[in-house]
Amino acid sequence: MTKSEEAKPTDFIRAIVADDLQTGKHARVVTRFPPEPNGYLHIGHAKSICLNFGIAEENPEGTCNLRFDDTNPTKEEPEYIQSIEGDVRWLGFDFEQRRYFASDYFEQIYTYAETLILAGKAYVCSLSADEIRAYRGTLTEPGRDSPYRNRSVEENLDLFRRMRAGEFPDGTHVLRARIDMTSPNINMRDPILYRIIHTSHHQTGNRWCIYPMYDYTHCISDALEGITHSLCTLEFEDHRPLYDWVLDQLDTPCHPRQIEFSRLSLEYTIMSKRWLNDLVVSRAVSGWDDPRMPTISGLRRRGYTPESIREFCHRIGITKAPNRVEMSLLENCLRDDLEERAPRAMAVLDPLRVVIENYPAEQEEMLTVPCHANHPEMGTRALGFSREVWIEHDDFREAAPAKFKRLALGGEVRLRNAYVIRCHQVIKDPATGAITELRCTYDPNTLNANPEGRKVKGVIHWVSIRHAVHNEVRLYDRLFLKANPGEDDDFKASLNPDSLRTLPACPMEASLANAEPGDHFQLERLGYFCIDSKDSAPGKPVLNRTVTLRDSWAKIEAKQ
RNA sequence: UGGGCCGUCGCCAAGCGGUAAGGCACCGGAUUUUGAUUCCGGCAUUCCCAGGUUCAAAUCCUGGCGGCCCAGCCA
């Protein structure tokens, strides 16, 4: 990044931060990423992570905390904590020792609640959940005061302490802020601060049976951590008055500024943790890290790199405008990255046997070919060649359509990194008429050289049958058929039945047998692939197709 | 029709009173032993609409229209 880029804020939040630093409102910036451990992180969280950790990185002495918003033990699991920490680190952000839990502050938060009660700003309400809802009013009608609203400070304190002591069952009492039941902002109609939940908590065990609500907890946690800018998504905009109200009543170390930005939507996928969980539980996918999932762990297993995801977050920007980003933008970030770093290899997904009749049956060669044509520094690899090779079925046509530059009967094509061959005979299954084999000849003078007196435009990939190893390849496609799943029906109704195609044993060049889980490759002319980190065995890699190459032939063909 | 927010190219998105950046997508064309990559070129007389202020408006004012969010003891 150049100095001018560093100095120039790229979005309205960075502009606010820069201004606050400039004016001396803050000496340094402190942000936080506050997930609830109730599911795996997804690409939408990556946007928030890149924003919060990014701002900290870009400013001198800036820091960003990882804080688990763990105020609801009925929905949270330690497994999620592990995955979230791993995903943040994998994305390339370091929270060092700054891993906190809202539950770290439960005692302080409780003390603040008693302060509110003492000040007459909070009361214990003994209405049932249904009654509270009824008293709340609607969007257009004001709410009504709870009959418990004017309990004495002494009674409130006594009741609240007994709530903590476990004297009451779930749902019998709540602690509420005493604000304004007629507020046009429903969040200000005496919001609930504490509820009774007799459930053990993953961090605090059985120490508590009352748990603070998000609105009450989050602002205090921010203040206790000295957060300067509390960045969250747009749906919390209506909560900001409450965020400020709570901190205004209390003597906290500071009063962070909440700023909201729009969350990420991506076409052909979903971002709701509830829905993602549904896919996992219903076995529609193999898990949170299924390579079709928009989760960080799913993208990682699919073959996305941290760099590509960070670049994506950079390109989409930060605004308050509603958005639904095209998948092609994400895919392009990936291609840009993998184009540079992925070594090349060859495999055939839909094999057609080619016999090169003028190549001696007993002969074979080990060709030395570059790992990356545009990056010689990436070295070379050995590639076996012999009389019989597999080529892609789709790379042959008996009668070539217009602009077809692959192999046709009577025509020539180059075998990538090897010789030019000519096809003179097609062998078919007499019963079905399906093409089963091609008889060809090769031009021995075309290794690393163009043929004399003619041009061969087409180049196709291939694998020597004698040298091939066979491994499973998984071809992934979008998880949903609709750009906005669940928009006007059950989201699962638009699941793509062909989002995964498994090819159990594709012939591929032998060098691939040694690939390690997580390794990236470009299978030439097919796409980028990644060695699956879960289902591969030593010497037996499973290849996940990360993304196809751009395919301008497919466009031409579609038009014809 | 209570409150909050948003509306610049198909999709993101700069712009903050001085005469519409950039990326993705798309369309040409060049190079190419990946129909990939790379490279050149094209792609908003117009900024949701209508008035108004101004020498000058996407930017300011007024009024419309369209969209999103909020009635969990979820976050």
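Reminder, nothing fancy here: chain letters follow the sequence lines and each chain counts from 1. Just so you know, these numbers use all the heavy atoms, side chains as well, and skip hydrogens, waters and symmetry mates. Predicted model only: the values in this text are computed from it and were never measured.
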> Looking at every strand, decide which applies to Met346(A) at a 4.0 Å heavy-atom threshold: base, sugar-phosphate, or nothing.
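No contact.
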> Expressed as a whole number of angstroms, how long is the span from Tyr80(A):OH to rA75(B):C1'?
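So the OH-C1' distance, Tyr80(A) to rA75(B), works out to 15 Å.
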> Who does rC43(B) pair with, Watson-Crick or G-U, both distances under 3.5 Å?
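Pairing partner: none.
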> Taking salt bridge (charged side-chain N to carboxylate O under 4.0 Å, His left out) as the cut-off, I'd like each qualifying pair that reaches into residues 162-179 of chain A, sequence neighbours left out, listed once.
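Qualifying pairs, neighbours excluded: Glu107(A)-Arg164(A), Asp158(A)-Arg162(A), Arg162(A)-Glu167(A).
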> Sequence neighbours excluded, which residues qualify as side chain to side chain contact (heavy atoms under 4.5 Å, CB included) partners of Asp443(A)?
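Counting only residues at least two positions away or on another chain, Asp443(A) forms a side chain to side chain contact (heavy atoms under 4.5 Å, CB included) with Asn445(A), Thr446(A), Pro451(A), Arg454(A).
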> When all nucleic acid strands are considered with a 4.0 Å heavy-atom cut-off, which category describes Ala483(A): base, sugar-phosphate, or nothing?
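Nothing, no nucleic acid heavy atom in range.
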> Between Glu340(A) and His375(A), is any side-chain donor less than 3.5 angstrom from a side-chain acceptor?
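Checked: Glu340(A)/His375(A) side chains pair up, N/O donor to acceptor below 3.5 Å.
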> For rG10(B), does the glycosidic angle fall within 90° of 0 (syn) or outside that (anti)?
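rG10(B): anti.
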> How would you label the contact of Tyr528(A) with the nucleic acid (heavy atoms, under 4.0 Å): base, sugar-phosphate, or nothing?
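Touches nothing.
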> Below the 4.0 Å mark, does rA36(B) have OP1 or OP2 next to a side-chain nitrogen or oxygen of Ser552(A)?
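Looking at the OP1 and OP2 atoms of rA36(B), one of them is under 4.0 Å from a side-chain N or O of Ser552(A).
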> Rounded to whole Å, please give me the gap between CD in Glu260(A) and P in rC68(B).
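After rounding, the gap between these two atoms is 19 Å.
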> Find the distance His461(A):NE2 to rA36(B):P and express it as a whole number of Å.
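That distance rounds to 15 Å.
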> Residues two or more places apart in sequence or in another chain: which of them pass side chain to side chain contact (heavy atoms under 4.5 Å, CB included) with Ala129(A)?
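Once residues adjacent in sequence are excluded, Ala129(A) has no partner under the side chain to side chain contact (heavy atoms under 4.5 Å, CB included) criterion.
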> Is Arg67(A) near enough to rA75(B) that one of its side-chain N or O atoms lies under 4.0 angstrom from OP1 or OP2?
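For rA75(B), neither OP1 nor OP2 has a side-chain N or O of Arg67(A) closer than 4.0 Å.
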> Look at all strands and tell whether Asp69(A) reaches a base, only sugar-phosphate, or nothing, counting heavy atoms closer than 4.0 Å.
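Sugar-phosphate: the residue Asp69(A), judged by heavy atoms under 4.0 Å, touches backbone atoms but no base.
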> Please tell me which of the listed nucleotides, rC73(B), rA75(B), rU34(B), lies nearest to the side chain of Ala129(A)?
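Shortest atom-to-atom distance from the side chain points to rC73(B).
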> Would you say rG72(B) has OP1 or OP2 under 4.0 Å from some side-chain N or O of Arg133(A)?
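The answer is yes; a side-chain N or O of Arg133(A) sits under 4.0 Å from OP1 or OP2.
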> Is Asn72(A) touching bases, backbone alone, or none of the nucleic acid, heavy atoms closer than 4.0 Å?
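Counting heavy atoms under 4.0 Å across all strands, the contact made by Asn72(A) is with sugar-phosphate only.
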> If you look at every strand shown and take non-hydrogen atoms under 4.0 Å, does Arg414(A) touch a base, only sugar-phosphate, or nothing?
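It contacts base atoms.
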> Work out which heavy atom in Leu367(A) is nearest to a heavy atom in Ala418(A); give both atom names and the distance.
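Nearest pair, atom of Leu367(A) first, then Ala418(A): CD1-CB, 3.9 Å.
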> With a non-hydrogen cut-off below 4.0 angstrom, is Asn417(A) in contact with a base, only sugar-phosphate, or nothing?
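If one applies the 4.0 Å heavy-atom cut-off, Asn417(A) turns out to touch a base.
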> Is any side-chain N or O of Arg240(A) under 3.5 Å from a base N or O of rG4(B), one able to act as donor and the other as acceptor?
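Answer no: no donor N or O sits under 3.5 Å from an acceptor.
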> When you match Leu526(A) and Asp130(A) each to their closest nucleotide on RNA chain B, which lands nearer the 5' end?
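Closer to the 5' end of RNA chain B: Leu526(A).
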> Using a cut-off of strictly less than 4.0 Å between a heavy atom of the residue and any atom of RNA chain B, enumerate the qualifying residues of residues 165-179 of chain A by number.
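Hits under 4.0 Å, by residue number: Gly171(A), Val174(A).
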> Quick test of your reading: applying salt bridge (charged side-chain N to carboxylate O under 4.0 Å, His left out), list the pairs with at least one residue in residues 125-134 of chain A, sequence neighbours left out, ordered by first then second residue.
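Residue pairs with at least one partner in residues 125-134 of chain A: Asp130(A)-Arg133(A).
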> Using the C1' atoms only, state how far rG35(B) lies from rC48(B), rounded to an integer number of Å.
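That atom pair is separated by 41 Å.
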> Quick check, does Tyr214(A) stack with rA75(B)? I mean ring centres under 5.5 Å and planes off by under 30°.
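Stack criterion not met.
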> Report the residues that fulfil side chain to side chain contact (heavy atoms under 4.5 Å, CB included) with Asn72(A), sequence neighbours left out, ordered by chain and then residue number.
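Counting only residues at least two positions away or on another chain, Asn72(A) forms a side chain to side chain contact (heavy atoms under 4.5 Å, CB included) with Glu36(A), Thr74(A), Lys75(A), Glu76(A), Arg195(A), Ile197(A).
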> Under 4.0 Å, counting only non-hydrogen atoms across every strand here, what does Thr71(A) touch: a base, just sugar-phosphate, or nothing?
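If one applies the 4.0 Å heavy-atom cut-off, Thr71(A) turns out to touch the sugar-phosphate alone, with no base involved.
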> So, OP1 or OP2 of rG72(B): does either fall under 4.0 Å of a side-chain N or O from Arg136(A)?
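Yes, Arg136(A) has a side-chain N/O under 4.0 Å of OP1/OP2 on rG72(B).
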> Would you mind reading off the distance between Ile316(A) atom CD1 and rA13(B) atom P, rounded to a whole angstrom?
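Distance check: Ile316(A) CD1 to rA13(B) P gives 8 Å.
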> Report the distance from atom CG of Asp11(A) to atom P of rC12(B), rounded to the nearest whole Å.
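Asp11(A) atom CG is separated from rC12(B) atom P by 17 Å.
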> Does a salt bridge link Lys482(A) with Glu487(A), judged by any charged N lying under 4.0 Å from a carboxylate O?
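Salt bridge between Lys482(A) and Glu487(A), a charged N being under 4.0 Å from a carboxylate O: no.
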> Which whole-number value in Å describes the distance from Phe261(A) CZ to rC5(B) P?
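Taking atom P of rC5(B) as the reference, CZ of Phe261(A) is at 18 Å.
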> Both distances under 3.5 Å, Watson-Crick or G-U wobble: report the partner of rG18(B), or none.
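Base-paired to rC55(B).
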> Across the strands shown, which category fits Lys320(A) at heavy-atom distances under 4.0 angstrom: base, sugar-phosphate, nothing?
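Sugar-phosphate contact only - Lys320(A) comes under 4.0 Å of backbone atoms but never of a base.
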> Round to the nearest Å and state the distance from Met327(A) atom CE to rC11(B) atom P.
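Taking CE of Met327(A) and P of rC11(B), I get 17 Å after rounding.
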> Just by protein heavy atoms under 4.0 Å, how would nucleotides 20-26 of chain B read 5' to 3' in B, S and -?
---SSSS
> For rC65(B), give its Watson-Crick or G-U wobble partner with both distances under 3.5 Å, or none.
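Partner of rC65(B): rG7(B).
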> Give Leu523(A) one of three labels, base, sugar-phosphate or nothing, depending on what nucleic acid heavy atoms sit under 4.0 Å from its own.
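Nothing, no nucleic acid heavy atom in range.
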> Please list all pairs meeting ring pair (Phe, Tyr, Trp, His ring centres under 6.0 Å) that have one or both residues in residues 162-193 of chain A, counting only residues at least two apart or in different chains.
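For residues 162-193 of chain A, and leaving out neighbouring residues, the ring pair (Phe, Tyr, Trp, His ring centres under 6.0 Å) pairs sorted by first residue read Phe168(A)-His173(A).
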> Could you tell me if Asp190(A) and Tyr135(A) have a donor-acceptor pair between their side chains, going purely by distance under 3.5 Å?
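Their side chains do not contain a donor-acceptor pair, so the 3.5 Å distance test is not met.
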> Between Arg406(A) and Asp394(A), is the closest basic N to carboxylate O distance under 4.0 Å?
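Looking at Arg406(A) together with Asp394(A), the answer is yes, because their closest N to O distance falls below 4.0 Å.
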> Taking any heavy-atom pair under 4.0 Å as a contact, classify Glu331(A): base, sugar-phosphate, or nothing.
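Answer is nothing: Glu331(A) stays at 4.0 Å or more from every strand.
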> Of the nucleotides rA13(B), rA75(B), rC73(B), which has the atom closest to the His239(A) side chain?
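Between rA13(B), rA75(B), rC73(B), the one nearest the side chain of His239(A) would be rA75(B).
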> Look through every strand shown and name the nucleotide pairing with rU38(B) as Watson-Crick or G-U wobble, where both distances are under 3.5 Å.
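When the pairing criteria are applied, rA30(B) turns out to be the nucleotide that pairs with rU38(B).
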> Do Arg32(A) and His218(A) have side-chain atoms, one donor and one acceptor, less than 3.5 Å apart?
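Result is yes, a qualifying pair exists.
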> Just to be sure I understand the geometry, which residues of residues 185-197 of chain A put a non-hydrogen atom under 4.0 Å away from RNA chain B?
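Close to the strand are Ile186(A), Ile192(A), Arg195(A).
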> Name all residues meeting the salt bridge (charged side-chain N to carboxylate O under 4.0 Å, His left out) criterion together with Arg324(A); count only those two or more places apart in sequence or in a different chain, and write none if there are none.
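If we apply the salt bridge (charged side-chain N to carboxylate O under 4.0 Å, His left out) test to Arg324(A), skipping adjacent residues, there are no hits.
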> Which part of the nucleic acid, if any, lies within contact of Thr319(A), taking any heavy atom under 4.0 Å across all strands shown: a base, the sugar-phosphate backbone alone, or nothing?
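Counting heavy atoms under 4.0 Å across all strands, the contact made by Thr319(A) is with sugar-phosphate only.
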> Please tell me which of Asp215(A) and Gly317(A) maps to the more 5' nucleotide of RNA chain B, matching each residue to the nucleotide holding its nearest heavy atom.
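By nearest-heavy-atom nucleotide position, the 5'-most residue is Gly317(A).
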> Rounded to whole Å, please give me the gap between NZ in Lys457(A) and C1' in rA36(B).
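Rounded to whole Å, this separation is 16 Å.
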> Tell me which nucleotide, if any, is Watson-Crick or G-U wobble paired with rG2(B) when both distances must be under 3.5 Å.
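Check on rG2(B): paired to rC70(B), both distances under 3.5 Å.
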> Could you tell me whether Asn448(A) contacts a base, only the sugar-phosphate backbone, or nothing, with contacts defined as non-hydrogen atoms closer than 4.0 Å?
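The answer is base, as Asn448(A) lies within the cut-off (heavy atoms under 4.0 Å) of a base atom.
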> With sequence neighbours excluded, what pairs up with Asp20(A) under the salt bridge (charged side-chain N to carboxylate O under 4.0 Å, His left out) test?
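Asp20(A) satisfies salt bridge (charged side-chain N to carboxylate O under 4.0 Å, His left out) with no other residue.
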> Of all residues at least two apart in sequence or in a different chain, which pass the side chain to side chain contact (heavy atoms under 4.5 Å, CB included) check with Asp350(A)?
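For Asp350(A) the side chain to side chain contact (heavy atoms under 4.5 Å, CB included) partners, ignoring immediate neighbours, are Glu392(A), His393(A).
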